*Asks:* 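Structure below; questions to follow.
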Amino acid sequence: ELPCTIRSFSEAAGVSVGKVLGTMMQMGLQGGVNINSQLDLESAEAVAAEMELTIELKATETLEDSLISELEDREDGAETLVPRAPIVTFLGHVDHGKTSLLDYLIGINVVKGEAGGITQHIRAYEIDKDGRKITFVDTPGHEAFTEMRARGANVTDIAVLVVAADDGIMPQTAEAISHAKAAGVPIVVALNKIDLEGVDENRILTQLTEHQLTPSEWGGDVEVVRTSATKGTGMDELLETLLTVAELNEYSANPNREAMGVCIESEQQGDRGVVAKLVVQNGTLRVGDVLVCGSAHGRVRAMNSTLNNEPMTEAGPSTPVSVMGFDEAPGAGERFHVLDDITKAREIAQTRAHASSQESLSGISTKVSFENFQEM
Ligand code: GTP
Ligand code: MG
């Protein structure tokens, strides 16, 4: 099924939008509300017939479509797959302790340095628990960052829903629950700030149940781990719970292929140029690789650990890494792909840059056009 807009129909057929809409109305076709409304193939053909036009609906194949979808669609045979670390995202209401939990787990203190204690950056770190790795992504909890947080859920295998015991489920907690559910990932609850006096645990468990997250201790399937990020309570239990969920889900990837994954954040850093934080989801990324990510492209000039900034020469599945070498800062949430040829990468990046400027000019986005139409 190839949908197209009324505008692209009119452009391709060389008749005015008014005439297309008028014809649709005469035919009693619903949906002709405005020029950006979509026509399905059947309606498009019916309208064309009514206007005595012959049309052929064709997807316009671009280099991007063919190369990138080949990479995305290529199945990795079972024999190529090896276990990979789970990618775990902290989600939850502002100030409920997402950054503090991650700080405790990796033994640094980012919270202290944050302006107003509000996370403005997405961070990703890999930690090692007795040889078993977990990749953590911390997302900003402020309402202005809803969109970034939604993207945060997309790189995620498991969501840790952080709920402060003194506050309970708040608007952004509920939002986080729907993001995690939309992403279809398992949810582990960290009932945080358990060290505070007079917390009513039953109240929170009841709220969770009301949001279809029934705690395992109440016969449901959601693990609720009591934590205190300030005291370090429940940290081992949280890690063990995550590793158990990961084992059940058997996350795997093929390290022996071109890398692909997601950009979680990027910025222009003076002399260093563009620094992009990427999470590799499949394959292995190496220094020297050609990358395309949204409308940015380049060759990996250097890679550094997100944890201690140590240089890295390669990053396998589930590894977060800071990458230098992009020509411009790719957007958070954009997927990246490794290609074998810088010319192709440039071409794809340019096509995308052009498409997005067209899109913002016209307010429409369609990859489909009418071709070979002729008046009868
Ligand atoms: P945003 O990034 O703004 O969404 O906040 P956040 O969820 O990352 O919360 P953050 O880790 O910045 O913690 C907010 C405040 O709660 C800080 O002052 C922490 O010190 C405090 N806090 C975090 N965890 C605990 C805890 O377990 N117990 C107590 N008592 N305080 C905590
Ligand atoms: Mg934070």
Side-chain angles (χ1 to χ4, degrees), residues 87-127 134-156 158-180 187-201 203-205 207-208 211 213 215 223-242 264-265 267 277 279 306-307 320 332-333:
I87 302 174
V88 176
T89 300
F90 286 102
L91 299 173
H93 196 72
V94 62
D95 273 357
H96 278 200
K98 301 175 291 295
T99 303
S100 303
L101 285 168
L102 185 53
D103 277 1
Y104 189 94
L105 291 171
I106 59 173
I108 63 172
N109 198 341
V110 166
V111 169
K112 248 188 190 161
E114 289 183 337
I118 293 175
T119 301
Q120 313 261 354
H121 292 281
I122 300 189
R123 300 187 294 156
Y125 301 116
E126 187 179 62
I127 69 151
I134 306 179
T135 295
F136 283 105
V137 178
D138 176 31
T139 67
H142 193 266
E143 241 175 299
F145 297 103
T146 304
E147 204 187 325
M148 262 157 81
R149 203 171 56 239
R151 287 177 181 146
N154 288 339
V155 281
T156 293
I158 306 170
V160 175
L161 184 72
V162 181
V163 185
D166 58 336
D167 227 6
I169 293 191
M170 299 296 281
Q172 287 176 44
T173 323
E175 253 174 54
I177 294 172
S178 39
H179 287 321
I187 299 173
V188 170
V189 175
L191 182 46
N192 194 38
K193 306 200 185 185
I194 205 73
D195 56 290
L196 293 176
E197 296 279 318
V199 299
D200 181 357
E201 288 187 20
R203 182 176 81 98
I204 318 273
L205 299 190
Q207 288 180 336
L208 287 169
H211 284 81
L213 295 177
E223 295 303 328
V224 178
V225 183
R226 274 78 170 163
T227 61
S228 165
T230 44
K231 298 238 158 76
T233 316
M235 293 298 149
D236 271 342
E237 195 191 337
L238 180 58
L239 292 180
E240 286 304 332
T241 304
L242 292 170
I264 56 168
E265 194 170 73
E267 61 181 4
K277 278 183 232 168
V279 176
T306 53
L307 196 51

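Index from 1, following the sequence. Just follow the structure's listing: the first ligand is 1, and inside any ligand the first atom is 1. Nothing here was measured: the structure is a model prediction, and the numbers come from that model.
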*Asks:* Under 4.0 Å from a heavy atom of S228: give me the atoms of ligand 1 that qualify, with their elements.
*Replies:*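 The atoms of ligand 1 under 4.0 Å from a heavy atom of S228 are 27 (O).
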*Asks:* In a check of side chain to side chain donor-acceptor pair (under 3.5 Å) between H96 and each of N192, D166, D167, which one passes?
*Replies:*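 Of N192, D166, D167, side chain to side chain donor-acceptor pair (under 3.5 Å) with H96 is met by D167 alone.
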*Asks:* Within the structure, does N192 bring an N/O atom to less than 3.5 angstrom of an N/O atom in ligand 1?
*Replies:* yes
*Asks:* I'd like to check whether I194 has a polar contact with ligand 1, where a contact means an N/O of the residue lying under 3.5 Å from an N/O of the ligand.
*Replies:*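 Among all N and O atoms of I194, none is under 3.5 Å from an N or O of ligand 1.
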*Asks:* Answer side chain, backbone, both or neither: which part of L196 comes under 4.0 Å from ligand 1, heavy atoms only.
*Replies:*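 Side chain only; the backbone of L196 stays clear of ligand 1.
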*Asks:* Please find out if the Mg ion (ligand 2) and some N, O or S atom of S100 are separated by less than 2.8 Å.
*Replies:* no
*Asks:* Does the side chain to side chain contact (heavy atoms under 4.5 Å, CB included) test come out yes or no for T306 and R123, once each step is laid out?
*Replies:* CA-CA 8 Å; T306 53; R123 300 187 294 156; over 6 Å; no
*Asks:* Between T156 (side chain only) and A159 (backbone N and O only), is there a donor and an acceptor less than 3.5 Å apart?
*Replies:* no
*Asks:* Are any of the side-chain nitrogens in D95 or K193 under 4.0 Å away from the carboxylate oxygens of its partner?
*Replies:* no
*Asks:* Quick one: which ligand 1 atoms are inside 4.0 Å of a heavy atom on K98?
*Replies:* 1 (P), 4 (O), 5 (O), 6 (P), 7 (O), 8 (O), 9 (O), 11 (O)
*Asks:* Does any non-hydrogen side-chain atom of L105 lie less than 4.5 Å from one of M235?
*Replies:* yes
*Asks:* Heavy atom to atom 22 (N) of ligand 1, shortest distance: which of K193, E197, K231 holds it?
*Replies:* K193
*Asks:* Classify the contact between V94 and ligand 1 as side chain, backbone, both or neither, using a heavy-atom distance cut-off of under 4.0 Å.
*Replies:*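 The answer is both.
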*Asks:* Within the structure, does A229 bring an N/O atom to less than 3.5 angstrom of an N/O atom in ligand 1?
*Replies:*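 N/O-N/O distance under 3.5 Å: yes.
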*Asks:* Quick one: which ligand 1 atoms are inside 4.0 Å of a heavy atom on D195?
*Replies:*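 Taking each heavy atom of D195 in turn, ligand 1 has 26 (C), 27 (O), 28 (N), 29 (C), 30 (N) under 4.0 Å.
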*Asks:* Please determine if D95 has a nitrogen or oxygen closer than 3.5 Å to a nitrogen or oxygen of ligand 1.
*Replies:* yes
*Asks:* Is it the side chain (CB and beyond), the backbone, both or neither of H96 that lies under 4.0 Å from ligand 1, heavy atoms counted?
*Replies:*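 The backbone, only.
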*Asks:* In the structure I gave you, are the side-chain heavy atoms of L161 and L208 within less than 4.5 Å of one another anywhere?
*Replies:* yes
*Asks:* If we only count heavy atoms from C-beta on, is the V188 to V88 side-chain gap below 4.5 Å?
*Replies:*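 Heavy-atom side-chain distance check fails, nothing below 4.5 Å.
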*Asks:* State plainly whether the residues K98 and D138 are in salt-bridge range, i.e. N to O under 4.0 Å.
*Replies:* no
